[in-house]
Structures are given as structure tokens and as C-alpha cells.
Amino acid sequence: MSLRRRQRGAALLTAMIIVTLIASLAAGMVWQQYRAVQIEAADRARAQSAWILQGALDWARLILKEDAQNNRNKAVDHLGEPWAVPLAEARLSTFLAADNAAATDDDGPEAFLSGSIEDAQSRYNLRALLGGPQVPELEQRVLERLCSQVNAPPGTAAVIISGLRAAFPAAASGASSPASGAASGPEVSDSGPLRPAGLDQLAWLGLSADTLERLRPYVVLLPKLTAVNLNTAPREVIAALFDGVDLASAERLVQGRKGRPLQNTADAAAFLPANVQIAAGRASVDSSFFIVTGRLRLEERQLEQRSLIERQGTNIVVLARERISQLLER
């Protein structure tokens with residue numbers, strides 16, 4: 001009798017082990033299927049987001065091309081033009097409803113799109129520091145004034161100058177170098193560190209994230225030497241660009257151009273001190289480089305795409321783009 005009981009106990013234990021194994025295998029299969037569905041959904045959302053942001057970029061290219069056609073007779077770019085008006089955040093279904101009269105707010109996805117076009121030449125181009133075997137004294141003073149205005153740590157200008165000239169030895173020595181080197185991505189120079197492709201990568205030179213954020217609205221690194229557009233530049237850049245110009249004089253120019261945009265650099269003389277010389281090639285009233293930003297917000301995440309665009313006549317060329325995924329705070 002005891003033997004039979006032991007056999008029953010062993011059979012029951014074996015059955016329980018088999019059931020446990022089957023349940024574990026089933027749970028594992030369900031979890032793998034769930035993960036596969038999640039990955040597929042994430043890939044689909046990523047692809048859809050990329051297409052939506054590409055549409056925002058195409059929208060910006062169309063506006064800039066139309067602006068170039070309107071400025072065929074006289075190239076003047078200012079903040080009163082359509083490209084300078086940002087696209088306020090709107091639910092994606094509102095764009096779909098424009099093509100489908102039957103679409104309603106409940107039909108569209110819970111996604112929100114916004115964007116903007118900024119004039120890259122409204123900022124001081126750090127490439128001006130690379131002209132010749134020696135740093136131009138005027139350009140050095142410009143950068144020092146900008147760093148002082150944003151309360152950057154002492155020595156920031158010297159760090160930027162030495163780092164850029166080490167990364168671009170050919171440009172610093174005056175030799176010819178590919179104009180697209182700074183926009184096509186990081187490259188290794190012949191005898192120096194990686195070449196930064198944009199402002200964010202100046203962190204390689206030892207600048208802190210806080211310092212870069214302070215400088216971001218006022219400096220830029222473009223693939224070629226450019227003039228500052230006095231129609232779009234903030235007062236801080238205008239005051240730093242010329243010797244003898246303070247923030248008050250720069251503010252007069254900013255307020256004056258609101259009523260009537262500058263048609264040429266000579267128009268700026270009416271707002272600046274009489275002894276200020278506006279050298280050719282350092283200031284302009286038109287622009288060729290723009291920064292296009294598209295933002296897609298979906299629930300607690302936001303995907304942002306920044307693109308650097310060069311306008312060559314009516315031809316719009318995308319030089320570089322980057323995407324940043326952010327987790328929004330609730």
C-alpha cells in the first residue's frame with residue numbers, strides 16, 4: 001500500500017512539473033510575441049515620424065524657394081517674410097483634414113506637429129576665425145564680446161579659437177579646403193582632432209553644455225565664410241560685430257528695421273555711430289543658409305529634426321540633418 005502511495009505521489013509530482021514547464025514555455029512564447037509586436041509598432045512609428053518630419057522639411061524648402069523667386073530682382077531677407085513665421089503646434093489631423101473634407105478631429109492620430117525656419121546668417125559664423133595663418137584681430141574681438149555678453153566662463157573665446165584652428169589646419173593656414181567639410185559630418189584632420197560639424201560638437205573642444213546653450217542663439221559654424229544679415233541678426237550679434245557699437249545702438253537698428261527692412265548695408269549707417277565702418281563681406285541684408293526645425297510630439301515623446309539648408313538661387317540643398325528624441329516631463 002505504501003508503495004502504491006509513493007507511486008501516486010511521484011506521478012502527481014511529475015504532472016505538476018510538466019504543467020509548470022508548459023506554463024513557463026507558454027508564458028515565454030507570449031512574452032516574445034508581445035515584444036515582437038512592440039518592436040514592430042516602434043519601427044512603424046519611427047518610419048511614420050520620419051516621413052512626417054520629411055514633409056515638414058519639404059514645406060520649408062518650398063517656402064524658401066518661393067522666397068528666392070520673389071527676390072529675383074533684389075535679394076533682401078528679413079523677419080517680415082513668410083519663412084520667418086513659425087508653424088505653431090497643431091494636431092496632425094488638421095493637416096489631413098485639408099485634403100479630406102470628411103476628416104474630423106477624432107479621426108486623426110494623437111500627434112502634434114510644429115516647426116520653424118531660422119536664418120543661420122543671423123548668427124556670427126565661427127568660420128571667420130580661420131581666415132589666414134593668424135587669427136584676425138577684429139574677429140577675435142567679436143567672439144570675445146559675444147562670450148562676455150552671454151556670461152561665458154573666462155577664456156571661452158580662446159578655447160574656441162585654438163580648438164577650431166587645430167581642427168581645421170588647412171583653413172587656418174590659408175590653404176584651400178573643401179567647402180563642405182564642416183557640413184558633411186565629422187572628419188579627421190591631417191594633424192589635429194576631429195572637425196566639428198556643428199555647434200553641439202564644440203563640446204569636443206572642452207566647452208560645457210551650459211556654455212554651448214548660452215552661445216547657441218548668437219554663433220554658428222557654417223561650411224563656408226558668410227556675412228551677418230543685419231536684417232535678422234539680434235542686437236547682441238550686431239553690437240559684437242563692429243567696434244564702437246554698444247547694445248543701445250544695436251537696439252536702434254533692430255527697432256528701425258521693423259518699420260522698413262534694410263535694403264543694403266548702407267542703410268544701417270543711419271542707426272549706428274558715425275565712426276563705424278561696415279566692411280564688405282562682413283555684413284549683408286540677404287541670406288543663403290537657414291536652419292529648419294521640425295517637431296513631432298506624440299504622447300510623452302517629442303522627436304525633433306534640425307536641418308541645415310543652403311539656398312543656391314532657387315535650388316535648395318540640404319547639407320546636414322540631425323534628429324533628437326526627447327522624453328517630455330509631465
- Query: Can you tell me if Arg282 and Gln277 form a side-chain donor-acceptor pair at under 3.5 Å?
  - Reply: no
- Message: For Ser287 and Asn229, which I'm curious about, is there any donor-acceptor pair between the side chains at under 3.5 Å?
- Response: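 Per modelled atom types, Ser287 and Asn229 side chains form a pair under 3.5 Å.
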- Item | Residues Asp77, Asn231; criterion side-chain contact (heavy atoms from CB on, under 4.5 Å); working and verdict | CA-CA 7 Å; Asp77 294 301; Asn231 270 325; over 6 Å; no
Is the shortest side-chain N to carboxylate O distance from [X] to [Y] below 4.0 Å?
X      : Y      : value
Arg145 : Asp243 : yes
Arg127 : Glu139 : no
Asp286 : Lys74  : no
Glu144 : Arg141 : no

How about [X] and [Y]: do any of their side-chain heavy atoms sit closer than 4.5 Å?
X      : Y      : result
Arg123 : Ile291 : yes
Arg295 : Glu89  : no
Val30  : Gln33  : no
Leu272 : Ile278 : yes
Leu262 : Phe271 : yes
Asn70  : Glu81  : no
Leu57  : Ile309 : yes
Gln121 : Asn125 : no

Shortest non-hydrogen contact from [X] toward [Y]:
X      : Y      : answer
Ala227 : Gly281 : CB-O, 3.5 Å
Ala268 : Leu230 : CB-CD1, 3.8 Å
Pro223 : Leu319 : CG-CD1, 3.8 Å
Leu212 : Leu199 : CD2-O, 3.7 Å
Ala250 : Ala239 : CB-N, 3.9 Å
Pro196 : Trp204 : CA-CZ3, 3.8 Å

Between atom [atom1] of [X] and atom [atom2] of [Y], what is the distance when rounded to the nearest 0.5 Å?
X      : Y      : atom1 : atom2 : value
Glu213 : Asp200 : CD    : CG    : 7.5 Å
Tyr218 : Leu146 : OH    : CG    : 9.0 Å
Leu138 : Leu143 : CG    : CG    : 11.5 Å
Tyr124 : Thr226 : OH    : OG1   : 10.0 Å
Leu253 : Gln255 : CG    : CD    : 10.0 Å
His78  : Arg260 : NE2   : CZ    : 10.5 Å

Could you check whether any side-chain N or O of [X] sits under 3.5 Å from a backbone N or O of [Y], counting only pairs where one atom can act as donor and the other as acceptor?
X      : Y      : answer
Arg235 : Asp246 : no
Arg323 : Gln305 : no
Arg321 : Val292 : no
Arg214 : Ala152 : no
Asn264 : Asp267 : yes

Report whether [X] and [Y] are members of the same hydrophobic cluster (ILVMFWY, side-chain heavy atoms less than 4.5 Å apart, transitive linking).
X      : Y     : answer
Val317 : Leu62 : no
Leu13  : Leu21 : yes
Val318 : Leu64 : yes

- Item | Phe290 and Ile316: CA distance, side-chain angles, deciding distance, side-chain contact (heavy atoms from CB on, under 4.5 Å) verdict | CA-CA 10 Å; Phe290 298 86; Ile316 310 298; over 6 Å; no
- Message: Does Leu87 form a side-chain contact (heavy atoms from CB on, under 4.5 Å) with Trp59? I'd like the steps, not just the answer.
- Response: CA-CA 10 Å; Leu87 176 65; Trp59 158 80; 4.0 Å; yes
- Query: For Gln69, does the CD atom sit with more than 12 other heavy atoms under 6.0 Å from it, leaving out its own atoms?
  - Reply: yes
- Message: Tell me whether the count of non-hydrogen atoms from other residues, nucleotides or ligands lying under 6.0 Å of CD in Glu66 goes above 12.
- Response: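 Counting neighbours around CD of Glu66, 12 or fewer heavy atoms of other residues, nucleotides or ligands fall under 6.0 Å, so no.
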- Query: When you look at Lys65 and Arg61, which way does the side-chain contact (heavy atoms from CB on, under 4.5 Å) test go after all the steps?
  - Reply: CA-CA 6 Å; Lys65 183 176 182 179; Arg61 295 173 64 180; over 6 Å; no
